[in-house]
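First the structure, in the form of C-alpha cells, and then the observations on it.
By convention in this document, chain letters (A, B, ...) are assigned in the order of the sequence lines, proteins followed by strands, and residues within each chain are numbered from 1.
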There are 2 protein chains.
Amino acid sequence: MASVPAAAQAQFQNHLMPQPTQISLGSGELALDSTFAVQVPGVSDARLTDAIDRSVRRIERSAGLRHAGRGVAGKTKLVVKVDHASAPVQSIDEDESYSLSVTDAGAEIDAPTEVGAMHGLETLIQLVQPKGNGYIIPAVTIHDTPRFRWRGLMVDCGRHFEPMDVLKRTLDGMAAVKLNVFHWHLTEDQGFRIESKLYPALTAKGSDGLFYTQQQARELVAYARARGIRVVPEFEMPGHSAAWLVAYPELASGTKPDEIRREFGVSDTAIDPTREATYVFIDRFLTEMAGIFPDAYIHIGGDETPAPDWKTNPRIVAFMKAHDIKDNDALQAYFNTRVLKTIARLHRHMIGWDEVLTPGLPKDVVVQSWRGEESLFKGAKLGYAGVLSAPYYLDGMKPAGVHYLADPLPSTSDLTPEERKRILGGEICMWAEHIDARTIDSRIWPRTAAIAERFWSPENLRDVDDMYRRLEWVSIELEGVGLTHLQAEDAGLRELSGAENINALRTVASVLEPVSFGERAQTQHTDQLTPLDGFVDAVRPDPVSRQWFETAVKRFLADPKGDTADRSTLAAWFTSLSNAVPPAQQQIAISPRLAEVTLRVHQLVELTAMGQQALEQLGESRKAAKGWKEKQNQALDEIKKPSALVRFTILDGISNLVQAVSE
Amino acid sequence: MASVPAAAQAQFQNHLMPQPTQISLGSGELALDSTFAVQVPGVSDARLTDAIDRSVRRIERSAGLRHAGRGVAGKTKLVVKVDHASAPVQSIDEDESYSLSVTDAGAEIDAPTEVGAMHGLETLIQLVQPKGNGYIIPAVTIHDTPRFRWRGLMVDCGRHFEPMDVLKRTLDGMAAVKLNVFHWHLTEDQGFRIESKLYPALTAKGSDGLFYTQQQARELVAYARARGIRVVPEFEMPGHSAAWLVAYPELASGTKPDEIRREFGVSDTAIDPTREATYVFIDRFLTEMAGIFPDAYIHIGGDETPAPDWKTNPRIVAFMKAHDIKDNDALQAYFNTRVLKTIARLHRHMIGWDEVLTPGLPKDVVVQSWRGEESLFKGAKLGYAGVLSAPYYLDGMKPAGVHYLADPLPSTSDLTPEERKRILGGEICMWAEHIDARTIDSRIWPRTAAIAERFWSPENLRDVDDMYRRLEWVSIELEGVGLTHLQAEDAGLRELSGAENINALRTVASVLEPVSFGERAQTQHTDQLTPLDGFVDAVRPDPVSRQWFETAVKRFLADPKGDTADRSTLAAWFTSLSNAVPPAQQQIAISPRLAEVTLRVHQLVELTAMGQQALEQLGESRKAAKGWKEKQNQALDEIKKPSALVRFTILDGISNLVQAVSE
C-alpha cells in the first residue's frame with residue numbers, strides 16, 4: 001500500500017517526501033493561476049490562516065504566480081476544512097492525519113486538526129509541478145497519517161550556540177518534511193543557553209553571553225507551534241553539567257570547574273545528588289522552565305555521568321551507605337526519582353537518555369536510545385516507552401541512504417503488539433562539537449528529510465534510489481524555505497580561496513565529504529574555541545555525486561559493451577573532474593588554508609585515470625595488463641587513508657569499475 | 001597623497017577599501033600565529049573589547065588560526081590604545097581617525113576614540129594576506145581619517161519589511177567598509193514599521209504585522225553603536241504617509257486610504273497640516289521615538305507630497321487664506337516649522353529630503369539631496385548643511401564604477417570654503433520596491449563598498465580598475481561577515497530550475513544583470529504583493545563579467561596581433577559561454593518560470609559568435625565582409641531592447657570589438 005502506483009508515477013513527478021500512506025491518481029489536473037481563492041469552512045483561527053497564507057505564498061513562488069490566493073471568489077478554490085480546534089499545547093496524541101483531494105476544479109484538505117491540515121498543505125506544495133507553459137497540481141486523492149507519533153530532531157545548542165534565525169529556519173525545514181518534535185538541547189558542559197531569572201548566574205557565568213532569553217524561548221515555542229511542532233527542552237543532569245557548576249559550584253559533587261568546559265568528551269563534573277539543596281534548586285529551576293516550555297515532556301539528559309567524585313567524596317560515600325545505595329548507577333536512579341517528583345508535580349513526563357533506565361525507574365519515564373535498537377527494545381519489554389536515536393546521528397556523516405534504511409520498529413522485531421506500541425518513534429540527533437551557525441544547515445539537510453520519511457511513511461518503502469531521486473528535489477524546496485545547506489559550501493570555498501570564481505574548487509569539492517565525527521576527533525584536536533572554517537567544514541556530507549556515480553556505474557556494468565551512453569557519460573564526467581584539477585591547484589597554491597587539500601586533489605587525478613582505464617577496458621572487452629588491478633587496489637587503499645579530514649564519495653563506484661575488469 | 005605608493009603595491013596585495021589617507025610600507029611583516037595577545041592600555045570598555053574580540057575572530061578565520069589572541073602574553077601583540085571615552089551617543093563630530101602601525105614585532109592601533117580604533121581594526125583585518133605557508137600582515141604605517149563626517153546607507157524597510165538579521169548583517173557590512181550612518185526608513189505608504197505604544201494602531205493597522213518592536217529597535221541601535229554606526233530614523237511626513245492614515249484617518253487631509261497602499265509611486269494622501277491635533281499627535285509620537293532613537297538627527301522625509309486635497313479641502317483652503325499661505329509648498333514649510341518645534345524641544349536636529357528646502361526654513365535643518373549636486377550646492381549656498389544621495393541610488397542598477405566616480409564635493413565646485421563645510425557627506429539609498437529579504441544583499445553589496453570609499457578616501461582616488469580589483473576581494477570579505485550577495489544568486493537559480501546542478505545557468509547568468517528600477521517599472525507592473533522571485537531577482541547587478549571583459553578587450557585591442565594570450569583567453573571565454581547554452585536551454589525548457597529567459601539565451605549565442613568573429617578578424621588583420629559591421633550593429637541594437645527584465649553586461653565590450661574590425 002505504500003509504494004506509489006506505477007501508473008501514477010508515469011503520469012506525475014512524484015517528489016513527495018515523506019510519501020503519504022495512500023495515494024491514488026485521478027484524471028486531469030488543477031491548473032494553477034493567480035485567481036484561486038481560499039475557503040476555510042471549518043475551524044478557523046490565526047494559526048491555521050497564517051499557515052494557509054504561508055503555504056499560498058510558497059505555491060505562488062514555486063508556480064511563478066502573482067498575487068495568488070488573494071481573490072475572494074476565483075474559479076479555482078483551495079478548501080481547508082478542520083474538524084475541531086486543537087488543545088493549547090500540542091499533545092503526542094494529536095491526530096495528524098489528513099486527506100487531500102485535488103481535481104481540475106480545486107483542492108480540498110480535510111483534517112481532524114489544524115496540525116493535520118498543515119501537513120496536508122505541505123503535501124500540496126510538494127505536488128506543484130511544471131506542465132507546458134505553466135504549473136499544475138495533478139489530480140490525486142491522498143489519505144495520510146504518520147506511522148510514528150514522535151518524529152523528532154534534536155539540536156545541541158550547548159556545545160555551540162545557534163542564533164534564533166538558524167533555529168527558525170530549522171523549524172521551517174522540519175515542518176516541510178512533517179517532523180513534529182524539536183528537541184532543544186539547552187545545557188551542556190560547554191554552555192548553559194537558557195535564561196533563568198531565578199538563577200541568573202547560569203547564563204551570566206555559564207554561557208559566554210550566548211544564550212536564549214526567556215522571551216526568545218517563548219518566541220521559538222510559538223514559532224514551532226505555528227508549524228505543528230512540539231518543543232521538548234533538555235536540561236542535562238546530573239552529568240554534562242559543568243556550566244551549571246561554574247555558576248553554582250555548591251551544587252558540585254566535588255570537582256568544580258573554573259569556567260565552562262572548552263574540551264569535548266565526557267567530563268568528571270556532576271551535580272551532587274546527595275544534598276537536599278540540589279533538589280530545591282532543581283525544583284525551582286524546572287518550575288520556572290515549565291512556565292516557558294508548555295510541552296508535556298521535559299528531558300533531563302542523564303547520559304554519560306562517570307562521576308568519580310561519587311566514589312571518593314566522603315560525604316557522598318557516607319550518604320550512599322546510609323541509604324543503602326550500592327553504586328553510581330543506583331545513586332543516579334535515586335537522583336532521577338527525586339527529580340521525577342518535581343516533574344510529576346508540574347504535570348509533565350520525564351524523558352532521558354538510555355542511562356536513566358535503571359531498576360526501579362517509574363514506568364512513566366520515556367527512554368531515548370542513543371545506544372541502539374537493542375537497548376530500546378529492552379526498555380519496551382520492561383514496560384518503558386522509547387524513542388530511537390542511535391541510527392540517526394548526523395555527525396556520523398553517513399549517507400542518507402544508510403539512515404533511511406534504519407527502522408525504529410522493523411516488522412521482524414520480536415516485540416509483542418503491546419510492546420510495539422511503546423516505541424513512540426525516532427529522533428534525529430545533531431550534536432554540535434563540529435558545527436556552528438554557518439555549517440549546521442548542511443549537516444542537518446537534506447539527509448534529515450530522508451529520515452523524516454522513515455518516521456512518517458509505511459515501513460515497506462525502502463527504495464533508496466527513489467528516495468534519492470526525490471531527495472534532490474526536496475533539497476531545493478528546503479533551500480526555498482530559507483535553509484542554506486547548498487549555498488554554504490560555495491561561501492566556504494570562496495572564503496578559503498579568497499576568490500569569487502570557484503568553479504574548479506566546487507567541482508573538486510563535489511566528490512569530497514567530511515569524515516565522521518569520530519574520525520575527525522581522532523585526527524584533529526578540536527575544542528569549543530576551534531574555528532570551524534576549514535575545507536572539511538565547507539564541504540557537505542553525502543553530496544549527490546555518490547548516489548549519481550554509483551547508479552551510473554551499476555547501469556554501465558550491467559552491459560558494458562551495450563549502449564555506449566552510460567560509458568560516454570561517465571567518461572565525460574571523469575574528464576570534467578580531472579579538468580578541474582589544474583585550476584583548483586592554482587588556487588590552492590596561493591591559499592595556505594587550502595594547502596591541506598593538495599593530496600586529495602592529486603588523488604582525484606589518480607581516481608579519474610583509474611576510472612577512465614576501467615571504462616575503456618570494460619567497454620572494449622580488453623583484459624588489463626597483469627598486475628593492473630592489484631596496483632589500482634593498492635592505490636585505492638592508499639586513498640582511503642585519512643587526509644584533510646575529507647574522504648571521496650566515489651571510492652566504491654571506482655572500486656566497482658576496477659573489480660569488474662578482467663586480467 | 002592618496003594613491004598607494006607603487007613600491008608598496010609591488011610588495012603587498014593592497015585590498016584596502018576604503019583606501020586610507022596615508023599609507024607607507026615598512027620593511028618586513030608580522031607573521032600571524034595563534035599566540036598573539038591583545039593589550040588595551042588606554043580606555044577600555046565592553047564596546048571596545050567586544051569589537052577587538054570580533055576582529056580577532058575574523059583574523060583567526062581569515063588566517064586559518066586556532067584560538068588566536070587568547071594568549072595572555074604571547075610574543076606577538078596587538079595593542080589597541082584609545083585616548084578618551086566616547087559620549088553615550090555617537091556624534092557627527094566623533095573623531096574617527098586612527099593610526100595603525102605594523103612591524104614584525106606586533107601591531108598597534110592608536111585612536112582618539114573607540115570608533116577610530118574600530119576603523120583601525122577593520123583596516124588590520126583587510127591587511128591580512130597569505131605568504132608562503134601562512135598568513136602575514138605587511139609592515140605598514142597608516143594615518144587615516146575620513147574625508148566626510150556623514151557616510152550613510154539608507155534602507156527602505158517601508159515598502160518591503162526586512163527582518164532583524166538582515167539589518168544586522170547589513171550593519172556588519174557597513175562597519176567593514178567604515179560607513180557610519182544607518183538611515184532607517186521606517187514609514188511609507190506601504191507600511192509603518194516601528195511600534196508605537198502611544199499609537200498602537202500605527203502598526204496594528206498599518207504594517208501587515210511586519211514591524212520592529214521597540215525592543216528590537218533598541219537592539220539594532222545598540223548593535224549599530226557597537227560598530228561605530230549612528231542610526232537616523234526616518235518618519236515620512238506629511239506625504240508617503242498612507243500607513244499613518246490607515247490607522248488614524250482623522251489625520252488625513254481628505255483622501256483616506258482603506259488599507260496600506262499596495263501600489264508604488266507617489267500617492268495623494270497627506271497628513272493634514274492645518275489641524276492642531278496633527279501637531280499634538282506628531283509631538284507625542286516623536287517624543288516617544290526620541291526615547292528609542294538617541295541620535296541627534298530625526299529624519300522627517302518630506303518628499304513627494306502633491307497633496308491635491310490641500311487645494312480642494314475647503315477647511316484647508318480657508319486655513320491657508322487665513323494664514324496667508326500662498327501654495328502647497330508654503331503650507332508644507334509651515335508644517336515643517338511646526339514639527340521642527342517638537343524636534344528642537346527634543347534637542348534634536350531635523351533632516352529632510354530636498355523638498356524641505358523652502359524659503360524660511362531654519363538654517364539648522366539638514367537637507368538630503370535626492371535631486372542632485374545642483375540642489376545640494378544651492379542649499380549650501382543658502383546656508384544649509386546637506387548630504388548627497390542622488391548619484392548613489394542602488395536601484396538604478398548602475399555599475400559600481402559609475403557610483404564610484406560621483407563625488408559629493410568635487411574640488412572643481414564653485415563653493416566657498418565656508419559653503420564646502422556644509423557638505424556633510426553622502427548617503428547611499430536602497431529603495432525597496434523591488435527587493436525583499438532574499439535579494440536585498442546583492443542589491444546593496446558589493447557596490448556599496450565602492451561608494452563607501454568615495455565617502456572616506458581622498459578625492460583624487462579615481463582609478464576604477466584598481467577599485468574593481470579590490471572590490472572583488474572585499475566582496476568575499478563581506479560574504480565572510482555574513483552577507484549573502486553572492487550565494488543568493490545560486491539559490492535563486494536552483495529554485496527557478498528545480499535542480500541542484502546549475503552550472504550552465506550560472507554561466508549564462510554571469511553575463512546578465514537586472515535592468516534599472518525605472519525600466520522594470522515601465523515593463524512590469526509590480527506592487528507590494530508581487531513575489532520577487534523571477535530570474536531578474538536572482539541575478540546580481542554589476543557582476544564581475546563586465547569589468548573583466550571590458551578590461552580584457554581593451555588589452556587585446558591595444559595590440560590585436562601581438563601577444564596572443566589575450567586573444568586566446570577571450571576566445572576560451574566565449575567558448576565557455578556558448579557551451580553553457582545547450583544545457584541551460586534544456587533546463588529552461590522544463591521550467592516555465594525560466595521561459596522568459598529564452599530570448600536572452602539565444603542572444604548569448606549571437607553575442608559570442610560576434611565576439612569570436614571579431615577576434616579572428618582582428619587577430620589575423622582580416623577585413624570583414626562588406627556589411628558585416630552593419631549587421632552586427634543591428635543585432636546589437638536588437639539585443640539592447642528590453643527582454644526578461646535583464647540586460648547583458650558584455651554589450652559594450654562586444655561592441656568595442658566589432659567597431660575595431662575594418663571592412
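- In terms of heavy atoms, Tyr135(B) sits closest to Ser591(A) at OH-OG, 3.6 Å.
- For Asn133(A), the part lying under 4.5 angstrom from a heavy atom of chain B is the backbone only.
- For Glu472(A), the part lying near chain B is the side chain, with the backbone staying farther off; criterion is any non-hydrogen pair under 4.5 Å.
- Listed options Ser497(A), Ala437(A), Ser62(A), Gly534(A) were ranked by heavy-atom pairs under 4.5 angstrom with chain B; first place goes to Ser62(A).
- With rounding to the nearest 0.5 Å, the separation of CG in Asp533(B) from CZ in Arg58(A) is 13.5 Å.
- The closest donor-acceptor contact from the side chain of Arg593(B) to the backbone of Arg61(A) lies under 3.5 Å.
- Of all the heavy atoms in Pro592(B) and Pro130(A), the pair that sits closest is CD-CB, 3.3 Å.
- Heavy atoms closer than 4.5 Å to chain B are found nowhere in Ala589(A), neither backbone nor side chain.
- Comparing Gly492(A), Ser475(A), Gly482(A), Ala499(A) by heavy-atom pairs within less than 4.5 Å of chain B, the highest count is held by Ala499(A).
- When heavy atoms are compared at a cutoff of 4.5 Å, Ala595(A) does not approach chain B at all.
- With hydrogens and angles disregarded, no donor-acceptor distance shorter than 3.5 Å links the side chain of Arg57(A) to the backbone of Pro531(B).
- In this structure, CD1 on Ile476(B) lies 5.5 Å from CD on Glu500(A), to the nearest 0.5 angstrom.
- Interface summary for chain B: among His15(A), Met164(A), Gln215(A), Lys131(A), the most heavy-atom pairs under 4.5 angstrom belong to Gln215(A).
- Neither the backbone nor the side chain of Glu489(A) comes within contact range of chain B; no heavy atom of the residue lies under 4.5 Å from a heavy atom of that chain.
- In this structure, the side chains of Asp490(A) and Gln487(B) stay at 4.5 Å or more apart for every pair of heavy atoms.
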